[in-house]
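The basis for the numbers below is simple: all heavy atoms, side chains too, and nothing from hydrogens, waters or symmetry mates. Start at 1 and go down the list; that is how both ligands and their atoms are numbered.
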Amino acid sequence: MDVIVGGGIAGLAIAWRLARSGRPVTVVDPAPCSGASHAAAGMLAPVSEVTYTEEPLLRLGIASLRMWPAFAAELAADAGAASGEPGALVDLREDGTLDVAFSADDLAVLDELAGFMDKLGLRVERLTGRECRRLEPMLSPAVRGGLLAPDDAWVDPRRVTRALRAALDRRGFALIPARVTGLLREAGAVRGVRLAEPYARDLHADRVVLAAGAWSGELADVPVRPVKGQIIRLRSPQPLLTRCVRGMVHGSHVYLVPRGDGELVVGATQEELGFDTRVTAGGVYELLRDAHELVPGVTELELAETIAGLRPGTPDNLPLIGPSGTPGLVLATGHHRGGVLLAPLTAAIVLGEQSELAALCSPERFR
Ligand code: GLY
C-alpha cells in the first residue's frame, strides 16, 4: 500500500492516479483540502509567471498546463459529473492572461519580457492600451499597454480538490484524518508513518509519498520553507473580467482571477514569516489598493473572503518530486507558486512517467 501524507491538490492528484492504476492507497491529513490548495487562486500561468532565470520551471509548467484539459476531463468522468463541457466541473478556463503596464518603464519591462518569450518560442501578443481595454473594458484608462499570453489558463482549486475527493470516494480509497507525527524508519528505509492521537498507531506502507506542502520539512530533511500569501475573494453578480489580469503596481505583482459565478480572486502577498497565517490589515489594503489601480470597479464588489496560505518554497523555486534518496520515501512537495499548475505533472512523475522532466525536479539535486 502507498501512504500519501498530505491531502492537498498534489496529494489527492497522486492518490487518484494511483487508485486508477489499481494500487491501494491511503491519504493521511488532519484537515484535507484546507491548506495552500484552499487559498490558491488557481492560475495555470507558466508563460505570464515566467522569470528570466527559471526556464526549467517554465518547462515543467508548460508540460503540466498541456496535461490539464485531459486531467480535468478524466476527473470529471471519474467524479461522476453529469456530462457537459470537459473541464466544467473544475471551472477550467483557457482564455489566457493579460499582463498590463501603466508607465513607459513598465512597458519597457513587458517589451523585454516579450522578446525573451519570443526567443523561447512562447506565444505572446503585444497590445496597446486601447487593445487591452477592448479585451477587458473594466481595465483602468491609465493602462498603457499589455502582453497577452493566450495559452495560460486557470481552474478553481476548491472545485478540483472536491472533484478529486469525489473521484477517490467512488474508488473506495481510505482517508485517515490524522496528523503524522513521524516516519517509521527501519534499516535505513521508511516503512510507514506514525499517526497522532486519537489514532496513536503505526501505519505501515510499501511507500510513503510526502506531499505535506509547507509542513514537509517537519517530517523529513527537505529544504522546504513556508512562504505566506494573503489573498482576497470579491463577489459580484456578473463577472467583471473575462480572463486573468495581472500587472506590476507599486513594485509588486497583483493578479485578478475571475470565476464564472462572479467571484474575483485577488492575490497575493509574498511574505517570509514562517508559519504565520494571519490575515493583516496591511495585506488586504495592499491587495485592494493594487487591484483598484488595475480595475477601479473592484471597490464596488462585495468582500467575500480573506485568507492566507503557505506556499512550500525551495531554494531554487523548483519542486521536489521523486525518490528522496531514502528507500520507501518519495517526495511531492516544494511547489511554491505552482502547486495547482503542477498537480497533473506531479502525479505523472510519481507514477513513473515523464522521466525527462522528472530529472529537472529530482530531490537528488540537494543531496
Ligand atoms: N501562483 C500565484 C501565487 O503563488 O501567488
Note to self: For E356, is the CD atom crowded, meaning more than 12 foreign heavy atoms sit under 6.0 Å from it?
What the structure shows: no

Checklist line | Pair F275 + W215: ring centers closer than 6.0 Å | finding: yes

Check: So, S236 and E300: side-chain donor and acceptor under 3.5 Å apart, yes or no?
Finding: no

Item checked: Basic-acidic side-chain contact under 4.0 Å: E305, R158 -> yes

Checklist line | Heavy atoms of other groups near E112 CD, more than 12 under 6.0 Å | finding: no

Check: Which protein residues have a heavy atom closer than 4.0 Å to any atom of ligand 1, listed by chain and number?
Finding: E49, Y255, A268, R311, R337

Note to self: Does Y52, at its OH atom, have more than 12 non-hydrogen atoms belonging to other residues, nucleotides or ligands within less than 6.0 Å?
What the structure shows: yes

